[in-house]
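Order of appearance sets the numbers: ligands from 1, and atoms from 1 within every ligand. Atom set for the values below is all heavy atoms of this structure, side chains included, hydrogens, waters and symmetry mates excluded.
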Amino acid sequence: MNSIPISKPSISQKEIEYVLDAVKSGWVSSLGKYIDIFEKNFADYCGTKYAVTTSNGTAALHLALVSFGIGPGDEVIIPDLTFIATANAVKYSGAKVITVDIDKDTLCINEDEVKKAITKNTKAIIPVHLYGHPAAMIELNEIARNHNLIVIEDAAEAHGAEINGIKVGGIGHAGTFSFYGNKVLTTGEGGMVTTNDKNIYDRLKYLRDHAMDSDKRYWHEEVGFNYRMTNLQAAMGVAQLERINEILDKKKKIFQWYEQQLHNESKIKLNFESEGYKNVYWVVCIEINGFDEEKRDSLIEALKASGIDSRPFFYPVSDMPMYKSNDTKIAHLASKTGLNLPSFFDITKEEVGYVCKNLKKLLQ
Ligand SMILES: *Cc1c(COP(=O)(O)O)cnc(C)c1O
């Protein structure tokens, strides 16, 4: 068997056609019909009034933060287990990163820990829908209402995930998405901010384009950014979004293939799905009971030797020198014992079988 990668984009004839059409149109930068279509279709899909394309998911987070006026002197609460972009975007805004522990089942931010971390300087919470499972948005929205906080959903890994039938990106004050090559949908590099707030929508568009005055070209009253997406990327995004149901169905099927073969393994905890929540299973996750970082890393090496690519879970943000802070118990344990298994669109049942067979053998 050829080696099995952890991730690989799914690019059909549709993506090729739309991108070719965009290239031929001459609208290769950030104006063009695909930008408008992608934004409109993505907002419709998420059930939000507005969606704004950005150059990547990190830019989407930063742009959302500054559009809400978050900056120096403010504190923003994030989960300790996430991709570093969540923390970095807060840092770029000038606000202080506050990391809190996660829930052991969903691996998303723990709402009780959020409550404990709130101070008079707290301005926002960024729940991350980690590995495709939505964070506890209903509880977090209530905390936010009680303390007058902004909630920005980091949905970079969870396009199409839902709570009680409502899609992520439309549950908080704003949501941000990534279209990096390994995400649920990809445009190569790319991002999106969703919101129902007209004022925020206007701020997002204005700050994305160097805060240029809408009536007076090349006049700027504020420092903005170039966080625009290209029409070429948007063309790919339109095609990917038209295929999202097909993509999510396959993700679920892949997870079920793993589940069928691993659910009897007493040491293994697989992705979780809370009642009323829809996990999109961006990547298959396993945590191995009784493992430590060293054992986990040796398992990754051993899988590699059998031609199977895997990834460790993220390291806790609070372990990084720039964000050093108090230890979080659950995030640290998950981080040391967790790994992601190959879950890309084109993986076959046979390949999943091969991964599981090797994994079980190595765990004996
Ligand atoms: C990928 C990712 C991002 C950043 O997206 P980029 O498009 O790579 O900038 C942010 N947050 C999370 C949780 C991610 O997984």
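Listed for the Ser67 side chain is a donor-acceptor partner under 3.5 Å among the backbone atoms of Leu63. Here the side chain of Arg296 pairs a donor or acceptor atom with the backbone of Ser335 at under 3.5 angstrom.
Looking at ligand 1, you'll find an N or O of Ser178 within less than 3.5 Å of one of its N or O atoms. For a threshold of 3.5 Å applied to N or O pairs, the pair formed by Thr58 and ligand 1 contains at least one separation below that value. For Gly57, a nitrogen or oxygen atom sits less than 3.5 Å from a nitrogen or oxygen atom of ligand 1, counting backbone and side chain alike. The shortest N or O to N or O distance between Tyr180 and ligand 1 is not below 3.5 Å.
Remark: ligand 1 atoms within the under-4.0 Å shell around heavy atoms of Thr82 are 13 (C). Here is the list of ligand 1 atoms found below 4.0 Å of a heavy atom in Asn56: 7 (O), 9 (O). Near Glu157, with a cut-off below 4.0 Å to any heavy atom, the atoms of ligand 1 are 13 (C), 14 (C), 15 (O). Annotation for ligand 1: atoms under 4.0 Å from non-hydrogen atoms of Val128 are 13 (C). Per-residue contacts place Ala85 under 4.0 angstrom from the following atoms of ligand 1 (heavy atoms of the residue considered): 3 (C), 4 (C), 10 (C).
When the side chain to side chain contact (heavy atoms under 4.5 Å, CB included) test is applied to Ala89, the partners found at least two apart in sequence or on another chain are Leu61, His62, Leu65.
For the side-chain hydrogen bond (donor to acceptor under 3.5 Å, both in side chains) with Ser10, the qualifying choice from Arg243, Gln240, Lys250 is Arg243, the only one to do so.
Applying the ring pair (Phe, Tyr, Trp, His ring centres under 6.0 Å) test to pairs two or more places apart or on separate chains, those with a residue in residues 240-262 are Phe255-Tyr281.
A cation-pi arrangement is found for Lys167 relative to Tyr45, the charged atom lying closer than 6.0 Å to the ring centre and inside a 45° cone about the ring normal.
Tyr206 and Tyr201 have their aromatic ring centers separated by at least 6.0 angstrom.
In this structure, Lys183 counts as a contact residue of ligand 1, since one of its heavy atoms falls inside 4.0 Å of the ligand.
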